[in-house]
K.L.:
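Take a look at this one; I'll ask things after.
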Amino acid sequence: MGTRDYDVVVVGGGPAGCMTAKYAAKAGASTLIIEEDAAIGVPVQCAGLISKRALEESELRNRNFFIKCEIKGAVVHSPSYELTLESPDQRAFAIRRNVFDRELANEAQKAGADIVLKSKVRTVRKREEGTKLTITTATANGTQEIKAKVVIGADGVKSTVAQSAMLNVARSSLSCVQIEGEYETGDFAEIFVGKTIAPGFFAWTIPLGTDNRARIGLCIDKRFSPQSNPLLFLKRNLAEHPVIAKKYKGTVFNRTAGRIPIPVNAGLRGRKYKTVKIDNETGILLVGDAAAQIKPITGGGAYYGMRCGKIAGEIAAQACLTGDMKVLNDYEIRWRNEIGKEIAFGLKVHRLRCVMSDEDFDTIVHTLSQSEILQRIKKKGDMDYPSIVFHGLLTNPSLIKVMARNSLKYLYTK
Ligand SMILES: Cc1cc2nc3c(=O)[nH]c(=O)nc-3n(C[C@H](O)[C@H](O)[C@H](O)COP(=O)(O)OP(=O)(O)OC[C@H]3O[C@@H](n4cnc5c(N)ncnc54)[C@H](O)[C@@H]3O)c2cc1C
């Protein structure tokens, strides 16, 4: 096969990559998605919980294909207390991520993007004499080369494109494991916090609507964990946790493991930790997990990835069609303006959570269950923009005390 030539090449066919490609193609750029796996959406490395807003952001119509069930709210368990957060409106859904990703890829194709599977991008380089970037891929037929004016790294937490371009936007990553198994479920997700349950993050169960099945998983932040293998914590929770062990029926239908990037706090302009690299007539952008565009409080990344993908696709096409690569800088500005503050706030909460004691978690859950605060959470709680409700909570003296103590503890631990 001869060398293929595109305006925009998107590396990675996850939600961020598919949305980026759809918007680049829609704006008139010749666009290709390169995916290393044999099929889009497989393997799944996700709990599949997304908000109603994320569903709308996806622009997908055939929702029955991928929605498993509606989630009515969440029950948060600290070691000694529990708090039920009922959602007044449909706000979250458990989805089949494999089908969701496939549908997004179909939409990208309908907009005009090409997709090549089973091709692993090894390097992205600019040859001295070239006016385009050369993407080298490994395929079953050997090494291949593809040319592009703009390459977009949507290749997840271990992004090869980010490494090739020497763009580093993640400080470290959370280690996650999950099984799907038989579990006594209701309509609520469950969140479990505590130092011995999931150090540096939380454990979850997501009901799947039928057959009493749930996704049961957790992430840990290894920097604050006595053990680096998250599976040890999952096994212990399944066997010993007073709530999880009682409801879990012992079956494992499938299991998954993965990582979630922890972004560097780059401020609104990302002066140092950039997701854009311009070299005269070519450019490289990062999007989704590759750009660490995730919510540090919940670890969710599908919504931000799709949202930033739209910006990346549109701007990449504009740069290619006008020949002015400087417009790529607008991507950094636009996405940081939209979600930069939320990420920065989430990082602060994440740091505190990493050093909190079980007593602190108890104080928080107990304080939140006091009715006036609970009403505020129910009214304003938003899984995509949690800072709105968190800011409001910082008027409570018990919560202020926990935050202040753990801010000092974090600085000392660091
Ligand atoms: C256990 C777990 C649970 C999670 N639960 C949720 C949740 O409930 N809700 C939520 O919103 N988010 C969740 N997340 C996060 C979410 O899965 C990611 O944020 C999201 O998938 C990011 O999308 P993306 O398109 O940026 O990257 P990905 O979905 O990771 O897609 C990247 C794609 O790039 C491909 N690729 C990688 N390298 C190359 C290469 N060199 N060449 C070619 N292709 C390549 C990969 O095969 C992959 O298909 C979870 C993550 C984990 C680990």
Side-chain angles (χ1 to χ4, degrees), residues 9-21 32-51 53-55 57-58 71 92-95 97-98 100-102 104-105 108 115-124 135-139 146 151-164 173-180 189 191 198 201-206 215-220 230 234 255-261 263 286-296 298-309 312 383-384:
V9 162
V10 180
V11 182
C18 291
M19 197 53 95
T20 304
L32 171 73
I33 298 176
I34 305 178
E35 169 56 53
E36 68 175 327
D37 290 326
I40 296 284
V42 187
V44 173
Q45 292 172 310
C46 186
L49 185 71
I50 63 168
S51 64
R53 188 186 291 108
L55 212 56
E57 194 74 30
S58 76
I71 307 287
F93 297 88
I95 60 163
R97 255 298 294 271
N98 53 343
F100 182 73
D101 286 20
R102 231 164 38 224
L104 289 172
I115 299 182
V116 54
L117 298 171
K118 293 199 225 168
S119 295
K120 186 177 175 67
V121 170
R122 294 276 185 213
T123 56
V124 178
I135 302 127
T136 308
T137 63
T139 72
I146 297 166
V151 173
I152 303 183
D155 47 346
V157 62
K158 290 188 239 157
S159 175
T160 304
V161 177
Q163 283 165 33
S164 257
S173 57
L174 302 169
S175 309
C176 320
V177 280
Q178 178 181 270
I179 60 155
E180 205 169 298
I191 304 281
F201 205 70
F202 58 80
W204 64 79
T205 69
I206 313 277
R215 294 179 185 138
I216 309 165
L218 58 85
C219 296
I220 61 167
L234 182 61
R255 67 184 84 215
T256 184
R259 288 179 172 277
I260 294 176
L286 302 179
V287 70
D289 275 16
Q293 289 159 340
I294 61 103
K295 296 174 256 176
T298 63
Y303 171 61
Y304 285 180
M306 290 188 291
R307 187 149 177 199
C308 297
M383 63 189 269
D384 298 318

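In this chain, residues are counted from 1 in sequence order. Counting starts at 1 for both ligands and their atoms, in listed order.
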K.L.:
I'd like to check I146 versus V9 (side-chain heavy atoms, cut-off strictly below 4.5 Å). Are they in contact?
P.N.:
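When only atoms from C-beta onward are counted, V9 and I146 do touch, with a gap below 4.5 Å.
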K.L.:
Backbone or side chain, does any N or O of A16 fall under 3.5 Å from an N or O of ligand 1?
P.N.:
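So ligand 1 has an N or O lying under 3.5 Å from an N or O of A16.
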K.L.:
Any idea which atoms of ligand 1 are less than 4.0 Å away from a heavy-atom of R259?
P.N.:
53 (C)
K.L.:
Judged by non-hydrogen atoms, does P15 sit under 4.0 Å from ligand 1?
P.N.:
yes
K.L.:
Looking at K120, which atoms of ligand 1 are within less than 4.0 Å of one of its heavy atoms?
P.N.:
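Close to K120: 41 (N), 42 (N).
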K.L.:
Salt bridge or not for K295 and D384, using N-O below 4.0 Å?
P.N.:
yes
K.L.:
With sequence neighbours excluded, what pairs up with N98 under the side-chain hydrogen bond (donor to acceptor under 3.5 Å, both in side chains) test?
P.N.:
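Once residues adjacent in sequence are excluded, N98 has no partner under the side-chain hydrogen bond (donor to acceptor under 3.5 Å, both in side chains) criterion.
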K.L.:
Which residue is it: L286, V10, V124? I am looking for the one with a side-chain contact (heavy atoms from CB on, under 4.5 Å) to V151.
P.N.:
V124
K.L.:
Can you check whether G301 has an N/O within less than 3.5 Å of an N/O in ligand 1?
P.N.:
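Between G301 and ligand 1 (N or O atoms, distance only) the closest approach is under 3.5 Å.
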K.L.:
Pick one of side chain, backbone, both or neither for how I260 approaches ligand 1, counting any non-hydrogen atom pair under 4.0 Å.
P.N.:
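Answer for I260: side chain.
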K.L.:
Which is it for C176 and ligand 1 at heavy atoms under 4.0 Å: side chain, backbone, both or neither?
P.N.:
side chain
K.L.:
Donor-acceptor check, side chain of Q178 to backbone of C46, threshold 3.5 angstrom: yes or no?
P.N.:
yes
K.L.:
Report the distance from atom CD1 of I34 to atom OG1 of T160, rounding to the nearest 0.5 Å.
P.N.:
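Here the interatomic distance stands at 11.0 Å.
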K.L.:
State which residues pass ring-ring contact (aromatic ring centres under 6.0 Å, His included) with F201; sequence neighbours excluded, sorted by chain then number.
P.N.:
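F201 satisfies ring-ring contact (aromatic ring centres under 6.0 Å, His included) with no residue once adjacent residues are dropped.
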K.L.:
For ligand 1, find out whether one of its N or O atoms is nearer than 3.5 Å to an N or O atom of D101.
P.N.:
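So ligand 1 has no N or O lying under 3.5 Å from an N or O of D101.
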K.L.:
Give a yes/no on ligand 1: does G305 have at least one heavy atom closer than 4.0 angstrom to it?
P.N.:
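Flag not set, G305 not near ligand 1.
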K.L.:
Any N or O of A47 that comes nearer than 3.5 Å to an N or O of ligand 1?
P.N.:
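Yes; at least one N/O pair falls below 3.5 Å.
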K.L.:
With heavy atoms under 4.0 Å as the rule, classify the contact between A154 and ligand 1 as side chain, backbone, both or neither.
P.N.:
backbone
K.L.:
Is the shortest N/O to N/O distance between L49 and ligand 1 below 3.5 Å?
P.N.:
yes
K.L.:
Backbone, side chain, both or neither: what part of S119 comes under 4.0 angstrom of ligand 1, heavy atoms only?
P.N.:
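Backbone only.
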K.L.:
Return a yes/no value for Y303: is any of its N or O atoms, backbone included, closer than 3.5 angstrom to an N or O of ligand 1?
P.N.:
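Between Y303 and ligand 1, no N or O pair is found under 3.5 Å apart.
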K.L.:
Check Q293 against ligand 1 and report side chain, backbone, both or neither, counting heavy atoms closer than 4.0 Å.
P.N.:
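Under 4.0 Å from ligand 1, Q293 contributes no heavy atoms.
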K.L.:
With backbone taken as N, CA, C and O and side chain as the heavy atoms from C-beta onward, which portion of Q178 lies under 4.0 Å from ligand 1: side chain, backbone, both, or neither?
P.N.:
neither
K.L.:
Do A302 and ligand 1 have an N or O pair less than 3.5 Å apart?
P.N.:
yes
K.L.:
Would one find an N or O of T256, backbone or side chain, under 3.5 Å from an N or O of ligand 1?
P.N.:
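In this structure, T256 places no N or O atom under 3.5 Å from an N or O of ligand 1.
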K.L.:
Just heavy atoms, cut-off under 4.0 Å: does I40 contact ligand 1 by side chain, backbone, both, or neither?
P.N.:
neither
